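Bear in mind that the values here come from a model prediction, so they are computed numbers and not experimental data. Convention: sequence-line order gives letters A, B, ...; per-chain numbering from 1. The figures that follow rest on heavy atoms only: side chains count, while hydrogens, waters and symmetry mates do not.
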Amino acid sequence: MLYFSDLLQYSDVFLSGLKTTVELTVLTTILGVVLGTVCATVRQYGNRASQRVVSVYVELIRNTPFIVQLFFIFFGLPAIGMMLSPWEASMIALTINLGAYSTEIIRAGLASISKGQIEAAKVLGLNFRQTLIRVIFTPAFEKIYPALTSQCIIVMLGSAVISQISVQDLTYAANLVQSRNFRAFESYLVTALLYLGLSILLRFAFNALGKRLFAYRTSN
Amino acid sequence: MIEFSNYDILRNLLFATQWTILLSLAAFIGGTTVALALTAMRLTRNPAMQRIVKIYVELFQGTPLLMQMFLCFFGLSMLGYEISAWSAAILSLTFFTSAFLVEIWRGCIDTLPKGQWEASRCLGLSFLQTLRHIILPQAIRVATAPTVGFSVQVIKGTALASVIGFVELTKVGTMLNNATFEPFKVFTLVALIYFLLCYPLSLYSKHLEKKFHVSR
């Protein structure tokens, strides 16, 4: 039998876990996409050496599990003198992880902007900043927006792992509750549904944001 | 106290790598099988079947793999089904893999023009004949590269099995870390081994993609 009523008294535990997960997700989404944008720009327009550095970073992160990256940052870096709190370590690991994936995605967007368009912008007298924002980044981001947002949601779901270094996120809450009342199935089921709700909500939020960001299509 | 030389650390990690590879293979085979069944269900054009596949994908893509593992391992045993960490890991990785593969394959089948289905119909081919002779030979060519690419995600997913106590590469890494207090060395080696497993697959996937684009 399932007893969900046993979970009710722990609702504040779940809520505070949810809050941590949401906070970390929002923060790392912003930082990760910024990092990805910088790396993608370097990867696409930078010189050979810097392109190489970015590729190595992207391939290293994309071909190792997130949990190992997290353990490396949390346990490994203090051994060479960099002390990090669990929260800081998670934030860094999530940002670096999303940064690598979004570099690949955003680069694909940048690659789709043909050279002729940039030359055309120059001919029309747009300055560097205008060209960068209106001719390169906006259309590039519009193309890869769906892929980028699904990657952000994947990273949010992947953040469940940070409970392993005792960050008090949603998964940590689930573990705590089931260790108190031994209702493992109920506790994990409710948490899984909370994550599901969060990912659906995020998708809606990203879609709404996308409509605003790329509104220039319909406004003229 | 036992001293661990570098050789001991590497030997133990390489031994554990076998279990990572075995778990990845089992999950990939299980995931492909389930994904094939789900793709078949989706292709039947039966709204109820398509709905089931859609909900399945939504459920397993919208929840963390770690949570699925906890549910399979702790949850099922609480409900009275004894399940080992090995079975729980395979079960949850199968759900995870199939949910992503069915979506990847959907994209591949949908890139084929719809006119091909209609033309086959006009030529008097049955549903299965159309699938066997027209759709699948083309879809498989498109699908190989992303499927190989996704196998990297499966290998990385197996690292989470360490959390429910299955002894594979990551678990042995944490155990060695506890025994040697040399986290930097141990986790660098662990990451390196994962990289050596995954990177060739990533390269192969890229190679396949290029080959496909040339042949088109």
I'd like to know if the side chain of B/T174 pairs up with that of B/N177 as donor and acceptor (distance under 3.5 Å, no hydrogens or angles considered). no

Side chain, backbone, both or neither: which part of A/I80 has a non-hydrogen atom closer than 4.5 Å to chain B? side chain

Polar side chain donor-acceptor pair, A/W87 to A/T20, under 3.5 angstrom: no

Are A/F214 and A/F141 side-chain neighbours, meaning at least one heavy-atom pair lies under 4.5 Å? yes

With the threshold set at 4.0 Å, does a side-chain nitrogen-carboxylate oxygen contact exist between A/R203 and B/E58? yes

Where on B/L71 is there a heavy atom nearer than 4.5 Å to chain A: the side chain, the backbone, both, or neither? both

Under 4.5 Å, heavy atom to heavy atom, which residues of residues 159-178 of chain A contact chain B? A/A160, A/V161, A/S163, A/Q164, A/T171, A/N175

One should read off an interatomic distance between B/Q116 CD and B/I135 CD1, to the nearest 0.5 angstrom, of 5.5 Å

Do A/E104 and A/R107 sit within salt-bridge range, that is, some charged N less than 4.0 Å from a carboxylate O? yes

Chain A contact via B/T158 - side chain, backbone, both or neither, heavy atoms under 4.5 Å: neither

Heavy-atom contact with chain B under 4.5 Å, split by part of A/R62: backbone

So for B/S162, is it side chain, backbone, both, or neither that comes closer than 4.5 Å to the heavy atoms of chain A? side chain

Run the salt-bridge test on B/E209 and B/K206 with the 4.0 Å N-O cut-off and return the result as yes or no. no

Separation of B/L66 CG from B/M69 CE (nearest 0.5 Å): 7.5 Å

Under 3.5 Å, is there a donor-acceptor pair between the side chain of B/E168 and the main chain of B/K171? yes

So which of A/F182, A/F66, A/F74 has the largest heavy-atom pair count under 4.5 angstrom toward chain B? A/F182

Test side chain to side chain donor-acceptor pair (under 3.5 Å) applied to B/Y56 - qualifying residues, sequence neighbours left out: B/S98

Strictly below 4.0 Å, N to O, side chains only: are A/K19 and A/D12 in salt-bridge contact? no

Pair count under 4.5 Å, heavy atoms only, with chain B: among A/Y195, A/F75, A/F185, A/F71, highest is A/F185

Is it the backbone or the side chain of A/I200 that comes under 4.5 Å from a heavy atom of chain B, or both, or neither? side chain

Proximity breakdown for A/L189 and chain B, heavy-atom pairs closer than 4.5 Å: both

Non-hydrogen atoms of chain A under 4.5 Å away: do they reach the side chain of B/Q68, the backbone, both or neither? neither

Measure A/T64 against the heavy atoms of chain B and call it side chain, backbone, both or neither at under 4.5 Å. both

